[in-house]
Participant: 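Handing you this structure, nothing more for now.
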Amino acid sequence: MSNLIKLNNNVASIVDNEWAVVKLPASQVEARKQAGKVVLFKLTGEKTVSDEQLTNTVIPDTGKVLIPLSVFIARKTELQTRINQGDIGVWLDTHEVLAELVEHQADLNQLPIIAVHVERFADGRIFSLGVLLRTRYGYKNELRAFGDVLRDQLFFLKRSGFDSYLIRADRNAEEALLSLKDFSSPYQGAVDEARPAFVRYNRVT
Amino acid sequence: MYKYDEIDQQIVNERVTQYRDQTRRYLAGELSEEEFRPLRLQNGLYIQRHAPMLRIAVPYGMLSSKQLHKLADIAQRYDRSYGHFSTRQNMQLNWPKLEEVPDILAELATVEMHAIQTSGNCIRNITTDQFAGIAPDEVVDPRAMAEVIRQWSTFHPEFALLPRKFKIAVSGTKDDRAVVQMHDVGMEFYLDSNQKVAIKVWVGGGLGRTPILGTVIREHLEWQHALTYCEAIIRVYNLHGRRDNAYKARIKILVKALGIDAFRSQVEAEWAHLKDAPNTISQTELARVSKHFEAMPYATLPASDASFDAAVANNPAFAAWVKRSLHAHKTPGYRAVTLSLKPHGKAPGDATSEQMHVVADLAEQYSFGELRVSHEQNLILADVKLSDLFAVWEKARAHGLATPNIGLLTDIICCPGGDFCSLANAKSIPIAEAIQMQFDNLDYLHDIGDIELNISGCMNACGHHHIGHIGILGVDKDGSEWYQVSIGGSQGNNSSIGNVIGPSFSADEMPSVVQKLIDVYIKERTPEEQFIDTVRRLGVAPFKAYVYAKNTQNTKDEVAA
């Protein structure tokens, strides 16, 4: 059964996943350490993909595929026809920089889907990426979170502009649906509802 | 003070439901330890040495009598009948049961309270001056803005999982009492040349492992933009703050690494997009919230009161308390009263359920049913008539709440330390108690005069040791507890970070080390100098020389043997 939740007109339901994620081939880089601990979060803007990985990434010939941002940038020419057909989406990691995507794909809405991969659920950069895609870059199509996506972050993801959530495979998406309704009337304006409570309501003393 | 409407109440109620389910899933094994951790932390729940610790939010330090009664009842029912008031103006329970926390939250919700974002990597409780609204030197009452910021920061979706904790303080006085320079963001409200409320914004201050005072990022910000400007700052931080090393993850490290100018231009570039967005505060909203902080219905009173003057003249004990415990008030005939939670030989900042009920009753009877928590870990009745002070003193004294030591050496700021906290390297409460007993002589304390002694049990600096005139930091050396001493730190407009005087000491040595520092001060001071002034004039050297003099070493050897 699918573990993909999608919002449609603010109604959430579990739907089939028609997008295959293209992964980068594994790299040889050893785990980095800081203060004696293995570093769990990559620095924003850190270059983590080698030229070899870019060349060796296997892109299926057909079907709807999500391409890693670095591969998309490096091999855009060979993908152009399929981009025009709407068969190509882009995914990026939380440490990657949106400006690079925009630089190479001026019209983001030519992409039917953008996905952000969150390696660890505690990495809150994903929220700012969602907000920027929606409010700064005017992206209107499907915005998906995948990776370490758990129900207790769903409400924040929704408010940050994500409308598609691939719940981690070992968790129950049916139960996760409930967390989208954790709060019925939040205080601050955000992507899903730009007006703060003090604008939405006549809050009298 | 602020009263909830339906929207506020609904959010707090829904939080209880949400957290109850999260706890259920954790106990059922559906959430791993690692997954539950940020969830419980963002609800103030730490797993500690003996038991979990629950930190309850007291937004900008304001409490009603009803709320304090409830805290007293909760401490009695779910804990060991006492609570600890913290340097972030919150209250902590040291012995709650993890599975009972949802019930505690449900109780808190009935009196418009919660534990939201009292810990974790998110925007924490907003703090301010404990004399906000009543201090004669106040230019702008910052409490309405503090409440507006509280609401905005509550479950802010974009900033739910920051690289590290994020603390905001606001103040509106000439004399800063909110320590805005040691916060991730400090906001100083003032009236600009057009008599409009404006904000001077500081960024990148903080204590902890790397103590740094904040830098001004913007001299003049119109109040309407407080939230969007914070969003710009925190967005830059969220995206670029270091997540690779928890010790370098605070915004202060990012600001230092980029330099304030580069950081400022990133923030301003971000703000260019956010300025005038819907989160811009409307006049209507500020007016609505400000209504909750209007002046109390004060009586018209003369500036002095004969019965009060007579009591001061006739009762030396009352006079000593008056001298230390009162703060000037905007309104003639009124004073703010600080009730000391620092009786000698007890854990600083602790109050029993019985004491909480007493203070709540005093507030009800004499101070319009409200009180405040100070970051110095005392309780304040902000609006007491001169003619009522004697009655307040008598009742407070009968319950151990009138030690006349406010601002004196034994008014120690102190974290829970190694007795409770699993982060601590060393105990802090027994050190505080030992120093209090060393100086358990009120005449002598008054002679020493104004001084701030702050103790933290580890470099996370919850006891603000860097900005104590005397700062004590617990350190771990080869598995045993030692104490590093610094002098010359200070809060307020002339904030400074103290200098370490030398190698650390054992717990047993600490009372005599503090004694020696005081001896040097007494010997060297000019008539008008406070301890901090003497330290600033002479530097560390004479203090260091005396503390580490040969006979001191002998004492140390004897103690060690």
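Every chain is numbered from 1, with letters handed out A, B, ... down the list of sequences.
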Participant: Contact part of B:Y2 toward chain A, heavy-atom cut-off under 4.5 Å: side chain, backbone, both or neither?
Facilitator: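 For B:Y2, side-chain heavy atoms alone lie under 4.5 Å from chain A.
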Participant: Between B:E158 and A:S160, is any side-chain donor less than 3.5 angstrom from a side-chain acceptor?
Facilitator: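 Not at all, the side chains of B:E158 and A:S160 share no donor-acceptor pair under 3.5 Å.
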Participant: Can you tell which part of A:L178 gets under 4.5 Å to a heavy atom of chain B, answering side chain, backbone, both or neither?
Facilitator: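 A:L178 has no heavy atom closer than 4.5 Å to chain B.
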Participant: Determine, step by step, whether A:R203 and B:D8 satisfy the side-chain contact (heavy atoms from CB on, under 4.5 Å) criterion, reporting the C-alpha distance in whole Å, the side-chain angles of both residues, the deciding distance to 0.1 Å, and the verdict.
Facilitator: CA-CA 10 Å; A:R203 299 185 75 182; B:D8 302 301; 2.9 Å; yes
Participant: Hey, does the side chain of A:T44 reach the backbone of B:L239 with a donor-acceptor pair shorter than 3.5 angstrom?
Facilitator: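 Side chain of A:T44 to backbone of B:L239: a pair is present.
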Participant: Counting heavy-atom pairs under 4.5 Å to chain A, which of B:K3, B:H240, B:H156 comes out on top?
Facilitator: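 Winner by heavy-atom pair count: B:H156.
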Participant: Answer with side chain, backbone, both or neither: which region of A:L150 has an atom nearer than 4.5 Å to a non-hydrogen atom of chain B?
Facilitator: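 The side chain, not the backbone.
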Participant: Identify which part of A:T94 has an atom lying under 4.5 Å from any heavy atom of chain B, answering side chain, backbone, both or neither.
Facilitator: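 Neither part, no heavy atoms under 4.5 Å.
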Participant: Which atoms of A:Y201 come close to chain B, meaning under 4.5 Å heavy atom to heavy atom: side chain ones, backbone ones, both, or neither?
Facilitator: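 Contact with chain B involves the side chain of A:Y201 alone.
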Participant: Which atoms of B:T280 come close to chain A, meaning under 4.5 Å heavy atom to heavy atom: side chain ones, backbone ones, both, or neither?
Facilitator: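 When you check distances to chain A, only backbone atoms of B:T280 fall under 4.5 Å.
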Participant: Give the member of A:S179, A:A190, A:A122 that has the highest number of heavy-atom pairs under 4.5 Å with chain B.
Facilitator: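 Most heavy-atom pairs within the cutoff with chain B belong to A:A122.
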Participant: Under a 4.5 Å heavy-atom cutoff, which of A:R159, A:R120, A:E175, A:R151 has the most pairs with chain B?
Facilitator: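 The candidate making the most pairs under 4.5 Å is A:R151.
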Participant: Check whether B:Q18 gets within reach of chain A through its side chain, its backbone, both or neither, counting any heavy atom under 4.5 Å.
Facilitator: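 The answer is the side chain of B:Q18.
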Participant: Where do B:N279 and A:Q188 land on the side-chain hydrogen bond (donor to acceptor under 3.5 Å, both in side chains) test, with the steps shown first?
Facilitator: CA-CA 7 Å; B:N279 281 336; A:Q188 62 294 101; over 6 Å; no
Participant: Any salt bridge between B:E270 and A:R136, counting N to O under 4.0 Å?
Facilitator: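 Looking at A:R136 together with B:E270, the answer is yes, because their closest N to O distance falls below 4.0 Å.
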Participant: Can you tell which of B:N238, B:N245, B:V148 has the highest number of heavy-atom pairs within less than 4.5 Å of chain A?
Facilitator: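 So the answer, after comparing B:N238, B:N245, B:V148, is B:N238.
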Participant: Are the aromatic rings of A:F127 and B:F159 close, with centres under 6.0 Å apart?
Facilitator: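 Centroid separation for A:F127 and B:F159: 6.0 Å or greater.
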Participant: Determine whether B:D5 and A:V204 satisfy the following criterion, side-chain contact (heavy atoms from CB on, under 4.5 Å), listing intermediate values before the conclusion.
Facilitator: CA-CA 8 Å; B:D5 67 4; A:V204 283; over 6 Å; no
Participant: Counting only non-hydrogen atoms closer than 4.5 Å, does B:Y247 touch chain A with its backbone (N, CA, C, O), its side chain (CB onward), both, or neither?
Facilitator: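 The answer is the side chain of B:Y247.
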Participant: Which of the residues A:V97, A:D148, A:L132 is involved in the greatest number of heavy-atom pairs with chain B at under 4.5 angstrom?
Facilitator: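 The residue among A:V97, A:D148, A:L132 with the greatest pair count is A:L132.
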Participant: Less than 3.5 Å apart, any donor N or O on the side chain of B:Q10 or A:S185 sitting next to an acceptor on the other?
Facilitator: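 B:Q10 vs A:S185: no donor-acceptor pair found between side chains.
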Participant: Yes or no on side-chain contact (heavy atoms from CB on, under 4.5 Å) for A:D152 and B:Q22, after CA distance, side-chain angles and deciding distance?
Facilitator: CA-CA 8 Å; A:D152 293 294; B:Q22 289 170 343; 2.9 Å; yes
Participant: Using a strict cut-off of less than 4.0 Å between a Lys/Arg side-chain nitrogen and an Asp/Glu carboxylate oxygen, indicate whether B:R243 and A:D123 qualify as a salt bridge.
Facilitator: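 Salt bridge: yes.
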Participant: Using a strict threshold of under 4.0 Å (side-chain N to carboxylate O), is an ion pair present between A:R171 and B:E35?
Facilitator: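 Counted as a salt bridge, because a side-chain N and a carboxylate O are separated by less than 4.0 Å.
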Participant: If the threshold is 4.0 Å, N to carboxylate O, is there a salt bridge linking A:D182 and B:R15?
Facilitator: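 No salt bridge links A:D182 with B:R15.
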Participant: Check whether any side-chain heavy atom of A:Q153 sits under 4.5 Å from a side-chain heavy atom of B:L161, and report yes or no.
Facilitator: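 With C-beta onward as the side chain, the pair touches.
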Participant: Run B:R150 and A:Y187 through side-chain contact (heavy atoms from CB on, under 4.5 Å) and show every step you take.
Facilitator: CA-CA 10 Å; B:R150 180 193 76 81; A:Y187 281 126; 3.5 Å; yes
Participant: For B:F155 and A:F156, which heavy atoms make the closest approach, and how far apart are they?
Facilitator: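 Minimum heavy-atom contact is O-CE2, 3.8 Å.
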